[in-house]
Amino acid sequence: MQNTSHAVMSQRTESTDSLDNFPTPPWATRALIEQLIDPAATSELTCLEPACGQGHMAKVLWEYFGKVTASDIFDYGYGEAVDFLKKDYTEDQFDWVITNPPFRMAEDFIWEALRVSRIGVAMLTRTVFIESIGRYDRLFSRRPPTTFAQFTERVPMVKGRLDKRASTATGYSWIIWRHDTAQAKQLEWIAPCRKQLERVGDYDKHVPRPQPKPPEQKDLFDVGPGSSGTAAADH
């Protein structure tokens with residue numbers, strides 16, 4: 001009999017043309033800094049979040065980093081609308097690049113992040129991302145990560161929104177590349193921390209940036225003195 005529990009049915013799957021917008025619970029980003037990156041060493045550093053969505057991860061990164069640049073290919077109302085893979089960032093422009101990348105473009109995101117980062121790259125991915133011969137040949141054999149850190153707790157993600165009550169059957173991990181170390185590849189576990197790292201306001205509803213109003217149409221017809229009453233020409 002098929003397992004139709006909510007957790008199983010909520011596994012993260014996306015169509016090929018999806019923007020893959022699955023906001024990261026803030027506690028999962030704090031876990032990266034608190035358990036895997038020394039928070040005392042980030043206050044003067046810069047960070048790029050190139051798939052920021054509604055800004056849930058970027059807002060947490062601002063708690064730790066001196067400056068955070070946030071962008072996304074789609075304008076969700078937070079950060080700049082930028083295609084990370086086409087933006088002309090310079091080499092080593094940011095100290096860190098940290099994001100939850102679109103799954104289908106994650107490899108491209110990693111290579112570009114490695115180019116534009118000075119200290120390191122951290123990518124939140126599904127645990128199954130480390131599988132496949134092709135990905136090993138294209139990425140991991142050529143640029144092995146410094147640390148693979150598996151969440152011991154589930155990190156529930158829901159398409160388009162945060163949901164504190166959500167559940168999931170999908171496992172997640174942080175994969176980290178550091179430029180400043182030659183240490184061997186490490187497997188780590190992220191100890192249970194959700195209760196300790198959740199904050200008041202983390203799940204408040206996101207208010208999108210107000211969109212500009214369309215131009216008023218009152219000038220389409222010139223009805224002033226000397227008018228012929230005909231429509232204005234398009235330019």
Side-chain angles (χ1 to χ4, degrees), residues 12 14 18-37 39 42-87 89 93-106 108-110 112-113 116-117 119-126 151 154-166 168 170 172-176 190 193-194 196-212:
R12 179 172 170 178
E14 280 293 279
S18 170
L19 288 172
D20 202 14
N21 175 32
F22 285 78
T24 304
W27 68 269
T29 304
R30 294 189 185 104
L32 167 72
I33 309 300
E34 296 289 343
Q35 294 198 28
L36 302 169
I37 299 175
T42 60
S43 62
E44 301 298 323
L45 300 181
T46 61
C47 181
L48 171 66
E49 211 290 50
C52 69
Q54 295 96 328
H56 300 293
M57 183 179 287
K59 292 173 185 176
V60 174
L61 294 173
W62 269 113
E63 298 173 8
Y64 297 94
F65 284 87
K67 181 179 180 182
V68 176
T69 301
S71 63
D72 200 292
I73 193 171
F74 182 80
D75 185 2
Y76 291 98
Y78 187 95
E80 185 180 5
V82 167
D83 184 342
F84 174 54
L85 300 179
K86 295 180 180 179
K87 179 71 173 177
Y89 292 122
Q93 182 169 339
F94 305 95
D95 293 312
W96 279 90
V97 177
I98 299 174
T99 193
N100 175 355
F103 189 84
R104 292 179 295 106
M105 295 183 286
D108 294 330
F109 263 61
I110 290 166
E112 179 64 4
V116 304
S117 59
I119 295 177
V121 171
M123 295 281 165
L124 180 64
T125 71
R126 287 177 260 178
F151 277 95
R154 294 296 189 187
V155 183
M157 299 193 199
V158 179
K159 186 173 183 177
R161 72 184 196 279
L162 287 180
D163 187 344
K164 188 174 183 177
R165 298 170 295 179
T168 183
T170 302
Y172 284 88
S173 58
W174 279 106
I175 307 180
I176 301 171
I190 300 174
C193 58
R194 176 174 178 172
Q196 292 78 20
L197 295 180
E198 283 186 327
R199 303 286 185 266
V200 174
D202 279 352
Y203 298 91
D204 288 351
K205 186 176 181 180
H206 169 71
V207 178
R209 178 189 301 134
Q211 297 299 308

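Because the structure is a prediction, the values reported are computed rather than measured.
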What is the distance from atom [atom1] of [X] to atom [atom2] of [Y], rounded to the nearest 0.5 Å?
| X | Y | atom1 | atom2 | value |
| --- | --- | --- | --- | --- |
| Ile110 | Thr99 | CD1 | OG1 | 10.5 Å |
| Tyr203 | Asp163 | OH | CG | 9.0 Å |
| Glu80 | Asp72 | CD | CG | 11.0 Å |
| Trp96 | Ile176 | CH2 | CD1 | 6.0 Å |
| Leu85 | Ile73 | CG | CD1 | 7.5 Å |
| Glu49 | Trp62 | CD | CH2 | 13.0 Å |

Decide yes or no for [X] and [Y]: does some side-chain heavy atom of the first lie under 4.5 Å from some side-chain heavy atom of the second?
| X | Y | result |
| --- | --- | --- |
| Met123 | Trp174 | no |
| Cys47 | Asp95 | no |
| Met105 | Phe84 | no |
| Pro50 | Val97 | yes |
| Asn21 | Gln54 | yes |
| Cys193 | Gln35 | yes |
| Thr46 | Thr69 | no |

Residue pair [X] / [Y]: nearest heavy atoms and the distance that separates them:
| X | Y | answer |
| --- | --- | --- |
| Thr170 | Arg126 | CG2-CG, 3.6 Å |
| Val121 | Ser117 | CG2-OG, 3.3 Å |
| Pro102 | Phe109 | CD-CZ, 3.8 Å |
| Tyr64 | Glu34 | OH-OE2, 2.8 Å |
| Val158 | Pro23 | O-CD, 3.3 Å |
| Leu32 | Ile98 | CD2-CG2, 3.6 Å |

Give the C-alpha distance, both sets of side-chain angles, the deciding distance and a yes or no for side-chain contact (heavy atoms from CB on, under 4.5 Å) between Trp27 and Val60. CA-CA 8 Å; Trp27 68 269; Val60 174; over 6 Å; no
Going by atom types alone, do Glu112 and Tyr89 pair a side-chain donor with an acceptor below 3.5 Å?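 Result is no, nothing qualifies.
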Qualifying residues under side-chain contact (heavy atoms from CB on, under 4.5 Å), relative to Thr24, sequence neighbours excluded: Ala28, Thr29, Met57, Asn100, Leu124, Met157
Given side-chain contact (heavy atoms from CB on, under 4.5 Å), test Asp202 with Leu162 step by step and report yes or no. CA-CA 9 Å; Asp202 279 352; Leu162 287 180; 5.8 Å; no
Is the shortest side-chain N to carboxylate O distance from Arg199 to Glu63 below 4.0 Å? no
